[in-house]
Amino acid sequence: MKALDGIKILDFTHVQSGPTCTQLLAWFGADVIKVERPGEGDATRKQLIDVPGADSLYFTMLNHNKRSITIDTKNKRGKEILERLVKTCDVLVENFAPGALDRMGFSWERIQELNPRMIMASVKGFGPGKYEDCKVYENVAQCAGGSASTTGFRDGPPLVTGAQIGDSGTGLHLALGIVTALYQRERSGRGQRVLAPMQDGVLNLCRVKLRDQQRLEKGPLKEYSQFGEGIPFGEATPRAGNDSGGGQPGRILKCKGWETDPNAYTYFITQAAVWEKVCDVIGEPEWKTKPGYAKPVERLDKLNEIFARIEQWTMTKTKFEVMDICNPLDIPVGPILSLKEIAADEGLRATGTIVEVDHPERGPYLSVGCPIKMSDSPVEVKRSPLLGEHTDEILTEVLGYSKEEAAELRTVGATEIVKRQAAE
Ligand code: CAO
C-alpha cells in the first residue's frame, strides 16, 4: 500500500514546475494520468535531445510513474473525454499560461459543476495582480522572487542559481497544497482551488533575505563579509557571495588541487560551539582566548582574516580529507560535489535518491529518485510513459468506454488535430 493509493490525478502539466509536482504524487502512490496533445505531447519530450528519436532526459526525469493519454482538448470529442476525466479524478493539476484552461472551456466554475469534490491545482508565474497574465519560466521567477538580487558577489551582476527553485521549488509547494486540500476534503466533502505562484514560492525560499532587509533598517548586517571589509551597505539586502545566510559565519574555501579542479573546495562553518576545535585544527590555539577572537561578536569584523587562515589549512587537504578530519569534531563542513561525483555516490544510490531507470527508446539512464522517504510508503521509480502509451487503457478501464468506442475516439482525435493544424 502507498500513501496516495486510490487518488486519481488528471495531470494537465507540462515543462517542469507542474510535472515535478505530479511526479511526487505518483511516487506517493497516486494514479497520475498525463493528458497530452496528440502527435506532440509535452514540449520537453523533444527538447535538449541527446538520443535521436527518443524522449529527452528533460522529459523522462520529470515524468516517472505516470500514464499518458493523448487527447486533442480543442475538439468536441476531446472535450467529452476531458469532462469524463474531470468527473472521475480527484485532482486536476495544470500549469498552462493564464487563461488557457478557461479558453478550453474548463473554468473553475465549470469544473465545480462537473465534480464538486475536485481539487484544482495550478502553478502560475504570478499571483493575482498586475502581472497575473504573464507567462513565466524558471529564471524570471528567480528574478521576481528576490533570489537573483541576493545571489552572486557584491561587485558582480545578479545571478540565477542552478537549483530550480522557481520550477521544481514551486512544484513542491503545489504538492503540499494538494495533499493538504485532500486532507481537508476528507472532512468538508468539497474540493477547492490551490494556487502556487512561482514568484511567491521563490520568495518563500528567500524568507531570510527579507529578514535581512528589515534588519538592515536598524544597522549594518555584521555577519556579511562586506561589514568586515568596511564597505557601507545600500538600501537593499545585498548579494552576499558565499557568506552563510545564518548566524554562524561560513565560506567556501579552496582545498588541495583547486588550481586544476574547479570543484576542489569545501564549505566551512565556524560554528560558535566548536570554535575552540576550529582553532586547534588550523593551528591557532591562542585564538581560543585572545581578545577580539574568543567571542563570536568580536570576530565579525575579522572574518576575512579568520577564513583566510582556515583556507591556508584547507588548501593542504583534499575536500574529503577536510570532511574526514572535521566531521568527528562536529565542525560543520561540506565538500563541493560535482554532478559527476554525485552520480557515482554509492550512498545516494543505496537510498534510491540516485536511480538507474531503463527506457525502451533510450536504454538505461540515471535519474533523481524520490527525495522524501516514508517508512510506510515505499517508492519504486518506473520509467516515464511514451506519448499516448496508455490512451486505450485509460479510455476503457478508467473512463468506461467500450473497446470499439476507444478505437473510434483515437481516430477522431487524430483526424481532427490534423485538420486543425492544417487550418492554422
Ligand atoms: N490539446 C489541445 N490543445 C492543448 C492541449 C491538448 N491536449 N494541451 C494544451 N493545449 C493548448 C492550450 O489550450 C493552450 O492553447 P491556447 O493558448 O490557444 O489557449 C496551449 O496549448 C497552452 O499553451 P501555454 O501558453 O501554456 O504554453 P506555452 O508553451 O506558450 O507557454 C509556459 C509555456 C510555461 C510559459 C506557460 O504555460 C506558463 O506561463 N505557465 C505557467 C507558469 C509555469 O508553470 N511556468 C514554468 C514552466 S516550467 O519552466
Side-chain angles (χ1 to χ4, degrees), residues 10-23 33-48 56 58-59 61-63 68-86 92-107 110 120-128 131-145 160 162-175 177 194-202 387-388 391 394-395 409-410 412-421 423-424:
L10 196 178
D11 181 8
F12 227 163
T13 68
H14 64 158
V15 202
Q16 185 184 158
S17 62
T20 321
C21 165
T22 51
Q23 177 168 260
I33 299 170
K34 185 167 173 108
V35 176
E36 298 182 81
R37 264 183 220 246
E40 311 168 32
D42 188 324
T44 59
R45 282 188 186 268
K46 298 294 168 236
Q47 279 175 1
L48 311 178
S56 70
Y58 195 5
F59 177 83
M61 290 177 71
L62 286 162
N63 290 284
S68 166
I69 174 172
T70 46
I71 313 173
D72 183 354
T73 57
K74 284 196 169 153
N75 75 40
K76 197 164 147 279
R77 301 304 301 277
K79 282 192 209 303
E80 274 171 36
I81 303 171
L82 197 58
E83 275 198 18
R84 275 211 206 192
L85 273 168
V86 170
L92 183 160
V93 193
E94 62 94 22
N95 68 314
F96 290 130
L101 211 56
D102 295 289
R103 287 194 289 281
M104 221 181 262
F106 290 88
S107 63
R110 177 73 185 129
M120 179 177 154
S122 306
V123 169
K124 294 289 167 260
F126 294 91
Y131 299 127
E132 67 187 18
D133 291 332
C134 297
K135 287 190 175 186
V136 168
Y137 282 105
E138 170 71 48
N139 289 346
V140 175
Q142 289 198 23
C143 293
V160 293
Q164 304 285 283
I165 56 177
D167 280 341
S168 291
T170 307
L172 271 165
H173 283 90
L174 191 71
V194 179
L195 172 66
M198 295 168 74
Q199 180 187 36
D200 305 40
V202 171
L387 180 61
T391 301
I394 291 165
L395 289 173
L409 283 170
R410 236 179 196 283
V412 171
T415 316
E416 294 212 7
I417 198 159
V418 170
K419 270 198 250 156
R420 185 168 60 74
Q421 279 169 350
E424 278 167 10

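As the structure lists them, so they are numbered: ligands from 1, and atoms in each ligand from 1. Keep in mind that the numbers below use all heavy atoms, side chains included, and drop hydrogens, waters and symmetry copies.
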Fill in: Sole residue of Leu82, Leu10, Thr391 in side-chain contact (heavy atoms from CB on, under 4.5 Å) with Ile69
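Among Leu82, Leu10, Thr391, the one that satisfies the side-chain contact (heavy atoms from CB on, under 4.5 Å) with Ile69 is Thr391.
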
Worksheet item: Among Ile71, Leu387, Asp11, whose side-chain contact (heavy atoms from CB on, under 4.5 Å) with Glu36 holds?
Response: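 Going through the options one by one, the only one that passes is Leu387.
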
Considering distance alone, does some N or O of [X] sit under 3.5 Å from an N or O of ligand 1?
X      : answer
Lys124 : no
Val136 : yes
Ala97  : yes

Worksheet entry | Residues that Glu94 engages under salt bridge (Lys or Arg N to Asp or Glu O under 4.0 Å), provided they are two or more places apart |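 For Glu94, the residues satisfying salt bridge (Lys or Arg N to Asp or Glu O under 4.0 Å) (neighbours in sequence not counted) are Lys124.
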
Which of the atoms in ligand 1, numbered in the order shown and given with their element, are less than 4.0 Å from a heavy-atom of [X]?
X      : result
Val123 : 41 (C), 44 (O)
Asp72  : 1 (N), 2 (C)
Asp167 : 46 (C), 47 (C), 48 (S), 49 (O)
Glu36  : 7 (N)

Practice prompt. Give the intermediate values and the outcome of side-chain contact (heavy atoms from CB on, under 4.5 Å) for residues Gln199 and Cys134.
Written response: CA-CA 12 Å; Gln199 180 187 36; Cys134 297; over 6 Å; no

Worksheet item: Can you tell me how far the CG atom of Asn63 sits from the OG1 atom of Thr22, to the nearest 0.5 Å?
Response: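 Here the interatomic distance stands at 6.5 Å.
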
Worksheet item: In Å and rounded to the nearest 0.5 Å, what is the CZ to CZ distance from Arg103 to Phe96?
Response: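 One finds 10.5 Å between CZ of Arg103 and CZ of Phe96.
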
Discussion item. Using the rule side-chain hydrogen bond (donor to acceptor under 3.5 Å, both in side chains), only one of Arg37, Gln47, Lys34 pairs with Asp42; which is it?
Written reply: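 Exactly one pass, corresponding to Lys34.
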
Just to be sure I'm reading this right: ignoring hydrogens, which of [options] gets closest to [atom]? Compare them by their nearest heavy atoms.
atom                    : options                      : result
atom 30 (O) of ligand 1 : Gln16, Glu94, Lys135, Glu40  : Lys135
atom 20 (C) of ligand 1 : Met104, Met198, Arg37, His14 : Arg37
atom 9 (C) of ligand 1  : Tyr137, Phe126, Phe12, Phe96 : Phe96

Worksheet item: Does some non-hydrogen atom of Ser17 fall short of 4.0 Å from ligand 1?
Response: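 Yes.
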
Worksheet entry | Ile71 and ligand 1 - part of the residue with a heavy-atom distance under 4.0 Å |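 Under 4.0 Å from ligand 1, Ile71 contributes backbone atoms alone.
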
Practice prompt. List in chain and number order the residues that pass ring pair (Phe, Tyr, Trp, His ring centres under 6.0 Å) with Phe59, two or more places apart in sequence or in another chain; answer none if no residue qualifies.
Written response: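 Ring pair (Phe, Tyr, Trp, His ring centres under 6.0 Å) check on Phe59 returns nothing, list empty.
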
